[in-house]
2 protein chains.
Amino acid sequence: MRLAECVSRMSEEDIGGDTELSDSPTLPLNSILAGNCIEILKTLPDNSVDLIFADPPYNLQLSGELFRPEGSRVDAVNNAWDKFDTFAAYDHFTCLWLKEAHRVLKEDGTIWVIGSYHNIFRVGTALQDQGFWILNDIIWRKSNPMPNFKGRRFTNAHETLIWASKSDKSRYVFNYASLKTFNDDLQMRSDWLLPICSGNERLKGENGQKIHPTQKPEALLYRIILASSRPDDVILDPFFGTGTTGVIARHLRRHWIGIEQDPTYIKAAQARIDKAEVFDEALMGQASNKRKQPRVTFGCLMENGFIRPGHILYDSRRRFKAVVNVDGALQSADGRSGSIHKLGAQLQQAVSCNGWIFWHFEENNILLPLDILRQRYLAENP
Amino acid sequence: MRLAECVSRMSEEDIGGDTELSDSPTLPLNSILAGNCIEILKTLPDNSVDLIFADPPYNLQLSGELFRPEGSRVDAVNNAWDKFDTFAAYDHFTCLWLKEAHRVLKEDGTIWVIGSYHNIFRVGTALQDQGFWILNDIIWRKSNPMPNFKGRRFTNAHETLIWASKSDKSRYVFNYASLKTFNDDLQMRSDWLLPICSGNERLKGENGQKIHPTQKPEALLYRIILASSRPDDVILDPFFGTGTTGVIARHLRRHWIGIEQDPTYIKAAQARIDKAEVFDEALMGQASNKRKQPRVTFGCLMENGFIRPGHILYDSRRRFKAVVNVDGALQSADGRSGSIHKLGAQLQQAVSCNGWIFWHFEENNILLPLDILRQRYLAENP
DNA sequence: GATAAGCCTGAATCCCGGG
DNA sequence: GCCCGGGATTCAGGCTTAT
């Protein structure tokens, strides 16, 4: 298959259009490649992408229908693409796409794979057998999972992500400082609490039905891409679906390549990405430092839309002013940056500063302390 | 090896001393079997234990330890090929003990295995390949994990447990009601927040050093044993260590069998278990479990005058109405009839229906669910 | 229009005892 | 072992409809 046959390029105004990548001149950047995942992976050059995010079929092995106690039917994943006859068949599939993923990944690149207990152990084993070096397993704790209706097991309230480098020698990217700032100056842990994708974010067709049965939340991809890539990096998603990876890559000024075989998903993804905002380059910050303050983090407020990159914050008397970067760092006009607490302290030439009280946002021409947003968040998420 | 050679029996006053287990008369109950895990597993009879908890060696790469198939250690090598050798050897070891575990487990028994990302994917794959049926993967979120000192990864703040039945046909034990009560009347999720084992609970030698490097918290075993076993069940722990499984089994009036090769651990475990309290039999719970309550039939209520032929029943909103026939069938105005469940399902066009909750009787102009009558009957006839 | 109640749904390997 | 039928079983959040 030639690339030209399966490329659905983005418009020219695309962020990637004019960027030069000397080591991978032929990559079909910022486009969805239509077709079989493994076949298309084979057309991509060796050592060419910085990050891979993969959401492969889980091989759920469901049988029969499930009804809620009140009688309604659970709309389960029943797509042909999730069905494999045996574990051996699933392992074979996994081995094939991981082998290509390994080849395509740069030496210092990393891969993320998400799954559930149905498939994640086989994926993890295959990753290790392929030579990948596991860096972390990350638990996505769902704040609103589907309950266990029949009371026969524990509520399956999480999914597992594996983060691995190409080899144990890789000098991989991990934006430790950004993540720590994002997490209110506490090290980011391996368990992440995030809601499932629902509401307005969930893509629906004209009939009101969900377009993709397993659309992932943008907040999840935000954290992944923020943690393990840099602006202008190339991010490959071999199971692109409705393009969450592309949307967040675009927000964060990364290049992306998607592989997807379903025309419906491709169409929805392309439309969605075309609408996605590109955050300003000056906001891409690499935050700096440490300190402490638990409960609701600044990053949490960002993930939930209370604060957005580009928002301007002031101190109560408008003596100081700073802009919010994607990782939750604040940046002042003179270029200094840091967490809300650090920058507040710096600007005041103080030893420390409670950024929640120091910084204010504007609403109806009034300045309100950041802490109000925390309270609003807590009011909505007790 | 004969069992007599490796058995370290508990004292006679032991809870298990006088209990008869007709199907497994030769089990060395409530004792630590000293020696190699796999060898000793082979001496245990088929289909004889109800629950297995296993905390196998985790990380063969970091420790530099490599296990030969029989379980003895070899010095690890450090080149690229050796990694494959290491994984293969670990897989072989895992396969051997899991095969015996599968054989020893009763048809309706379940197994728990705990691990980290270093080994859990291989364990999970081996479990599935062995024919075990995964029920849940459980995340133990550590409230006080060790931080990541170098800032190159996410804080590794959890461990993973896999809970699996012997086959997909197993009618395994899950004390749903107990766990729901335990969890403030919300069904227990797959992510558990517990502190690591420290303080007084942590066993220390005379030198103040911890006796076992990875002693598990009692709270973890408490939840596991409470969830997936019943009093008098037999619980096997093939990597007994310092005996946390034995302590909690004794608390909860379950029998236990431990396998351990290190004399220091055995001694510490035995002393610890000897001191462990046995909770009173009357405290073993299950009161709130409806499935365990004696069955009261609709006919029984009629025989005892709680319901009489000709009584009219309604659903909660009086959309439906039916009359009680002499045989306990309900009959609706359009002539359809059946049991309280069947007619309820028919009228709602549902797959099934719990008639006890669906149908209501009128008392002092108020509609009360049929279930109330069942409770009244049970109160009068304990 | 604001508040309250009701409805819908989400990667789900989802019953069990008696004849 | 199989078959039959009684009857046990749900949480959070967003959206829609009703008051």
Side-chain angles (χ1 to χ4, degrees), chain A residues 55-79 81-83 87 114-120 140 142-160 195-202 204 208-210 212-217 241 380-382, chain B residues 107-108 128 132-137 164-165 167-174 176-177 180 183 185-190 289-299 317 328 338-342 344-345 350-359 370-371 374:
Chain A
D55 182 12
Y58 287 9
N59 188 23
L60 287 186
Q61 306 173 72
L62 302 177
S63 63
E65 302 269 36
L66 178 65
F67 293 89
R68 298 186 180 82
E70 98 284 12
S72 66
R73 193 182 69 86
V74 174
D75 182 18
V77 177
N78 201 22
N79 308 62
W81 50 252
D82 195 52
K83 291 189 168 61
F87 280 130
I114 185 169
S116 66
Y117 67 84
H118 309 84
N119 72 322
I120 198 65
W140 167 26
K142 301 181 182 182
S143 57
N144 49 352
M146 188 180 326
N148 184 292
F149 297 114
K150 298 296 171 68
R152 292 301 299 148
R153 303 181 177 196
F154 298 95
T155 308
N156 192 7
H158 73 276
E159 295 188 23
T160 300
I196 60 176
C197 180
S198 67
N200 274 335
E201 188 185 327
R202 188 83 194 213
K204 299 200 175 112
Q209 300 276 14
K210 58 193 174 193
H212 195 286
T214 70
Q215 186 183 339
K216 294 294 175 287
E380 292 180 17
N381 305 274
Chain B
E107 293 302 325
D108 291 341
Q128 290 178 315
F132 286 103
W133 188 248
I134 298 181
L135 301 168
N136 279 113
D137 57 336
S165 59
S167 81
D168 59 343
K169 303 286 185 289
S170 296
R171 297 193 175 190
Y172 56 90
V173 172
F174 179 53
Y176 176 77
K180 191 170 175 179
N183 195 41
D185 291 333
L186 279 184
Q187 59 178 210
M188 187 74 83
R189 297 170 39 120
S190 57
N289 189 347
K290 237 175 178 180
R291 281 187 166 121
K292 291 278 157 54
Q293 282 177 7
R295 195 172 150 222
V296 179
T297 64
F298 194 66
R317 290 197 247 167
S339 71
I340 55 173
H341 314 297
K342 286 273 182 274
V351 179
S352 68
C353 165
N354 183 341
W356 294 108
I357 294 170
F358 179 73
W359 292 108
L370 270 189
D371 199 46
R374 246 194 334 186

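Per chain, numbering begins at 1; letters A, B, ... match sequence-line order. Keep in mind that what you see is a predicted model, and the values were worked out from it rather than measured.
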How many angstroms lie between atom OH of Y176(B) and atom CZ of R291(B), to the nearest 0.5 angstrom?
9.0 Å
Distance between C1' atoms of dT13(C) and dC4(D) (Å, rounded):
25 Å
What does the B/S/- profile of nucleotides 3-12 of chain C look like, 5' to 3', with a 4.0 Å heavy-atom cutoff to protein?
------BBBB
How many angstroms lie between atom CD of E107(B) and atom NZ of K169(B), to the nearest 0.5 angstrom?
11.5 Å
dG7(D) phosphate, OP1 or OP2: any side-chain N/O from H341(B) under 4.0 angstrom?
yes
Can you tell me if K180(B) touches the phosphate of dT10(D), counting only side-chain N or O atoms and a distance under 4.0 Å to OP1 or OP2?
yes
Does the base of dT9(D) carry an N or O that pairs as donor and acceptor with the side chain of R152(A) under 3.5 Å?
no
Taking syn as a glycosidic torsion within 90° of 0 and anything else as anti, which one is dT9(D)?
anti
Closer than 4.0 Å, any side-chain N/O of S339(B) to the OP1 or OP2 of dG6(D)?
yes
Rounded distance (Å) that lies between atom P of dC15(C) and atom NZ of K292(B):
16 Å
Check whether any side-chain heavy atom of S165(B) sits under 4.5 Å from a side-chain heavy atom of F174(B), and report yes or no.
no
Grab the CD1-C1' distance between I340(B) and dG5(D) for me, whole Å please.
12 Å
Whole-Å P distance, dA12(C) and dG6(D):
31 Å
For dC7(C), what is the paired nucleotide under Watson-Crick or G-U wobble rules, both distances under 3.5 Å?
dG14(D)
Scan T155(A) against the nucleic acid and name what it touches under 4.0 Å (heavy atoms): base, sugar-phosphate only, or nothing.
nothing
Atom-to-atom span, NZ of K290(B) to P of dT9(D) - whole angstrom
6 Å
Please state how far atom CZ in F174(B) lies from atom P in dC14(C), giving the value in whole angstrom units.
14 Å
State whether a side-chain donor-acceptor pair under 3.5 Å links H341(B) with S339(B).
no
When the distance from CH2 of W359(B) to P of dG7(D) is rounded to whole Å, what number comes out?
15 Å
Would you check if Q61(A) and W133(B) make a side-chain contact, meaning some heavy-atom pair closer than 4.5 Å?
yes
First encountered from the 5' end of DNA chain D, between N200(A) and G151(A):
G151(A)
Can you tell me how far CG of N148(A) sits from CE of M188(B), rounded to the nearest 0.5 angstrom?
13.0 Å
I need the CG-C1' distance between N289(B) and dC15(C), as an integer number of Å.
12 Å
Should dG7(D) form a Watson-Crick or G-U wobble pair with both distances under 3.5 Å, which nucleotide is its partner?
none
In whole Å, I'd like the distance from the CZ atom of F154(A) to the P atom of dT10(D).
15 Å
With no angle test and no hydrogens, is the base of dG18(C) tied to the side chain of R295(B) by a donor-acceptor pair under 3.5 Å?
no
How far does the C1' atom of dG1(D) sit from the matching atom of dC16(C), given to the nearest Å?
15 Å
I need the T214(A) OG1 to W81(A) CH2 distance, nearest 0.5 Å.
4.5 Å
Rounded to the Å, how far apart are Q293(B) CD and dG7(D) C1'?
13 Å
Do any side-chain nitrogens or oxygens of R189(B) fall under 4.0 Å of OP1 or OP2 in dT10(D)?
no
Gap separating the CD1 atom of I357(B) from the CD1 atom of I340(B), nearest 0.5 angstrom:
10.0 Å
Which heavy-atom pair separates V77(A) from L62(A) by the least distance, and what is that distance?
O-CD1, 3.7 Å
So, OP1 or OP2 of dT10(D): does either fall under 4.0 Å of a side-chain N or O from Y176(B)?
yes
Taking atom C1' in both dG10(C) and dC14(C), compute the distance separating them and give it to the nearest angstrom.
15 Å
